Amino acid sequence: MNKSYTFNDYISMINSQLDSFIPECTYGEPVVCDAMKYSLGIGGKRIRPVLLLEFCRVCGGDVKKAIPFAVALEMIHTYSLIHDDLPCMDDDDMRRGKPSCHIKYGEEYALLAGDGLLTRAFGVIAQSDAAKENPLCGIKAIAVLSDLAGVEGMIGGQTVDLKNEGRKASLETLEIMDSLKTGALIVCAAELGCIVAGADDEKATAAVTFCKKIGHAFQIVDDILDVIGDETELGKPIGSDGESSKSTYVSILGLEKSREYADRLTREAVEALEIFGDEANLLKEIAGMLINRRN
């Protein structure tokens with residue numbers, strides 16, 4: 001089996017590479033490239049790229065060859081956050097304890113920075129060594145990322161969210177929305193990691209199952225933290241869901257049952273890792289970290 005890495009090892013790998021994948025501005029004032037770098041660099045858990053790299057590793061792949069895929073996925077996630085924060089969407093002034101992209105650079109440049117990250121992500125994969133050595137790997141990865149970031153995935157979930165603003169959504173609607181809006185890119189991490197590694201169907205299915213479960217649990221914990229979290233730790237205001245009458249797991253199930261639901265999903269996620277044996281220890285740690293997080 002390949003060399004093992006810690007969570008912090010992966011964070012260092014990813015953070016050290018992010019800026020290198022943003023092109024230098026060729027024409028005029030480099031404000032958009034600066035805004036792209038700013039939003040990529042203001043922190044975050046890097047859960048999606050870490051999962052991608054670790055699934056590549058446990059499936060026997062070369063982690064270093066998977067780094068461009070991990071960066072591309074983080075670019076997609078970051079673009080979605082830039083756009084989510086815009087006044088036409090969630091209208092949030094803070095992101096991870098710092099000014100949102102549109103507050104620092106203006107709405108027009110934030111919009112373009114998000115677009116820039118979105119489009120750049122596909123080029124990063126296409127130009128990667130893994131894609132050059134195995135074009136089918138690149139084609140599969142781009143297709144998966146396109147689907148799970150698009151109207152069949154994250155954008156579809158955001159649309160359901162917008163359509164249900166101010167309404168009392170059912171638990172079923174909430175689960176569909178979150179499986180797309182939040183869960184799709186987490187599942188994408190599993191799929192891309194397995195594609196780079198050339199994983200067999202059994203391992204790929206286990207990886208996707210794990211990510212579906214922890215993605216669902218992640219959103220439930222997010223809803224819980226919006227009620228009981230600490231603004232300083234979260235880096236954003238709490239209670240916004242309640243103020244906007246937004247349907248959440250807490251508003252539908254209550255705090256206790258929401259916590260029980262998240263705990264059950266996490267146990268099921270860990271069970272899906274059995275096929276990887278002891279190589280799944282870091283993945284189990286990540287599941288525990290997500291369910292017990294405070295931000």
Side-chain angles (χ1 to χ4, degrees), residues 14 21 40 44 46-56 59 61 65-84 89 111 114-128 130-164 172-219 265 269 272:
I14 295 158
F21 287 94
L40 271 177
R46 311 295 193 208
I47 293 298
R48 295 156 190 81
V50 169
L51 287 170
L52 189 158
L53 295 177
E54 181 64 355
F55 272 117
C56 175
C59 291
K65 287 185 178 179
I67 287 175
F69 295 71
V71 169
L73 184 57
E74 189 69 0
M75 285 179 169
I76 295 288
H77 176 56
T78 301
Y79 117 76
S80 75
L81 299 181
I82 294 174
H83 284 190
D84 275 355
M89 301 289 276
L111 180 67
D115 292 345
L117 289 168
L118 167 61
T119 51
R120 181 65 178 158
F122 296 101
V124 167
I125 290 177
Q127 294 160 12
S128 68
K132 290 175 182 176
E133 292 170 9
N134 182 358
L136 186 57
C137 167
I139 291 169
K140 284 182 177 179
I142 288 170
V144 166
L145 184 57
S146 175
D147 285 345
L148 292 176
V151 294
E152 296 176 88
M154 181 183 67
I155 289 175
Q158 182 65 56
T159 304
V160 175
D161 192 9
L162 289 171
K163 294 291 287 184
N164 282 279
E172 180 183 10
T173 297
L174 191 61
E175 291 183 328
I176 290 170
M177 178 184 76
D178 291 335
S179 70
L180 298 172
K181 182 180 176 182
T182 303
L185 288 192
I186 295 176
V187 168
C188 192
E191 294 211 28
L192 294 183
C194 290
I195 287 170
V196 179
D200 61 40
D201 289 345
E202 190 175 8
K203 288 182 177 178
T205 298
V208 167
T209 299
F210 173 81
C211 282
K212 281 182 178 178
K213 299 286 186 181
I214 65 164
H216 194 172
F218 183 95
Q219 185 57 54
L265 287 165

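Nothing here was measured: the structure is a model prediction, and the numbers come from that model. FYI, side chains are in, hydrogens and waters are out, and symmetry mates aren't considered; it's all heavy atoms of this structure.
Distance check: R48 CZ to I14 CD1 gives 11.5 Å after rounding to the nearest 0.5 Å. To the nearest 0.5 Å, atom CD1 of residue I195 and atom CG of residue L52 are 9.0 Å apart. From S80, atom OG reaches atom CE of M75 across 13.5 Å, with rounding to the nearest 0.5 Å. Going from atom OG1 of T159 over to atom CE of M177 covers 11.5 Å, rounded to the nearest 0.5 Å. Note that OG1 of T173 and NZ of K163 are 13.0 Å apart. Values are rounded to the nearest 0.5 Å. Residue I186 holds its CD1 atom at 10.0 Å from CZ of F210, rounded to the nearest 0.5 Å.
With a 6.0 Å radius and a threshold of 12 heavy atoms from other residues, nucleotides or ligands, K212 has its NZ atom at or below the threshold.
Under the 4.5 Å side-chain criterion, counting only non-hydrogen atoms from C-beta, F122 is in contact with I76. The shortest side-chain heavy-atom distance between H83 and L118 does not fall under the 4.5 Å cut-off. Side-chain contact between Q219 and L174 is absent, with no heavy-atom pair separated by less than 4.5 Å. At a threshold of 4.5 Å between non-hydrogen side-chain atoms, the residues C211 and F55 count as touching.
Summarising the geometry of G138 relative to A131, their closest heavy-atom pair is CA-CB, 3.8 Å, with the distance given to 0.1 Å. Residues A272 and T209 come closest through the heavy atom pair CB-CG2, 3.8 Å. The minimum heavy-atom distance between A189 and L51, with the atom names listed, is CB-CB, 3.9 Å. Between C188 and L145, the shortest heavy-atom contact is SG-CD1, 3.7 Å. Taking all atoms of both residues into account, the shortest heavy-atom contact from A207 to A190 is O-CB, 3.5 Å. F69 and L192 make their closest contact through O-CD1, 4.4 Å (heavy atoms, listed as atom of the first residue, atom of the second, distance).
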For this session: Any chance you could lay out the salt bridge (charged side-chain N to carboxylate O under 4.0 Å, His left out) test for E74 and R46, step after step, and finish with the verdict?
Result: CA-CA 7 Å; E74 189 69 0; R46 311 295 193 208; 2.8 Å; yes

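For K65, the salt bridge (charged side-chain N to carboxylate O under 4.0 Å, His left out) partners are E133, not counting sequence neighbours.
Formation of a donor-acceptor pair under 3.5 Å by the S128 side chain with backbone atoms of I125 is found in this model. For S146 (side chain) and I142 (main-chain N/O), no donor-acceptor pair under 3.5 Å exists by modelled atom type.
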